[in-house]
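A quick note: this is a predicted structure, and the numbers were derived from the prediction, not measured.
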Amino acid sequence: MLRTSIAAVPEEIWETPGGRFRQRSRAVSIALGCDPRSNDASRRHPFDFEHCTIPPRSAACPYHSHSAQWEMYVVLAGDGIVRDESGRHPVAQGDVMLFPPNEAHQILNESDADLVVLIIADNPIGESCHYPDSGKWLVNTGAKREVIKGHPVDYLDGEEPPPSAETPPPDVPA
């Protein structure tokens, strides 16, 4: 059996320069030995468990969706707002929200007290995130995570030179 106490897990503080996104989190799964970047199933737990405190007037992270990951929020204390594709919804102690892959979501604290949430997520290999508000993607490339931003292109963009007026297009089976 692997065992720890949430209080014994070191608290990590994350805050953006503008202070819009802030959280204090305890990576319980990692404290229990999970290596979320490993592709070795014996080193990677089938789920992640995080104890997250969102300070007043901030959000835990930007509005996002996961390509393969399921994510569950369990509100332990405080009042907040969950934003999803259907709008903004008040949440309070005891509320549980489950977000399947590709469903954008965000949790915010617009109150004057801390919002405390357990975040439980499965741990799929090759997970990426989309940020609809800013058009960015977070892409996992093994041990490294890249944030990219691009624009839509045609499927064949850069795959073959454009046909010239003198060259008839090749026969392509239908």
Atom pair [atom1]/[atom2] of [X] and [Y] - distance to nearest 0.5 Å:
X	Y	atom1	atom2	value
S58	R20	OG	CZ	11.0 Å
I30	F49	CD1	CZ	13.0 Å
D95	L76	CG	CG	11.5 Å
I107	C52	CD1	SG	8.0 Å
S29	E50	OG	CD	9.0 Å

[X]: what forms a side chain to side chain contact (heavy atoms under 4.5 Å, CB included) with it, not counting sequence neighbours?
X	answer
A7	S5
W70	L98, P100, P101, D122
A121	Q69, E71

Can a donor-acceptor pair be found, under 3.5 Å and without considering hydrogens, that links the side chain of [X] to the backbone of [Y]?
X	Y	answer
R22	T53	no
R26	V9	yes
Q93	A77	no

Under 3.5 Å, which donor-acceptor pairs link side chains of residues 111-120 to any protein atom two or more places apart or in another chain?
from	atom 1	to	atom 2	distance (Å)
S111	OG	N109	OD1	2.7
S111	OG	A113	N	3.2
S111	OG	A113	O	3.0
D112	OD1	R57	NH1	2.6
D114	OD2	R24	NH2	2.9

Self-check item: Pairs meeting criterion ring-ring contact (aromatic ring centres under 6.0 Å, His included) with involvement of residues 113-136, two or more places apart
Solution: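 Listed once each, the pairs are H130-W137.
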Exercise. Keeping to residues at least two apart or across chains, list the ring-ring contact (aromatic ring centres under 6.0 Å, His included) pairs with something in residues 16-48.
Key: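 As it turns out, there is no ring-ring contact (aromatic ring centres under 6.0 Å, His included) pair with a partner in residues 16-48 once direct neighbours are skipped.
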Any side-chain heavy atom of [X] within less than 4.5 Å of one from [Y]?
X	Y	value
S65	E103	no
V28	I6	yes
I54	L108	no
S25	W14	no
M97	V91	yes
M72	V96	yes

Name all residues meeting the side chain to side chain donor-acceptor pair (under 3.5 Å) criterion together with [X]; count only those two or more places apart in sequence or in a different chain, and write none if there are none.
X	answer
D48	none
S128	S67
R44	N123

Quiz item: Mind checking what makes ring pair (Phe, Tyr, Trp, His ring centres under 6.0 Å) contact with H66, not counting sequence neighbours?
Solution: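 Only H64, H105 meet the ring pair (Phe, Tyr, Trp, His ring centres under 6.0 Å) criterion with H66.
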Quiz item: Can you list every salt bridge (charged side-chain N to carboxylate O under 4.0 Å, His left out) pair that touches residues 124-138, not counting sequence neighbours?
Solution: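 Of all non-adjacent pairs touching residues 124-138, those that pass salt bridge (charged side-chain N to carboxylate O under 4.0 Å, His left out) are R83-D133.
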Quiz item: salt bridge (charged side-chain N to carboxylate O under 4.0 Å, His left out): which pairs involve residues 84-93, sequence neighbours left out?
Solution: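 Listed by first then second residue: R88-E110.
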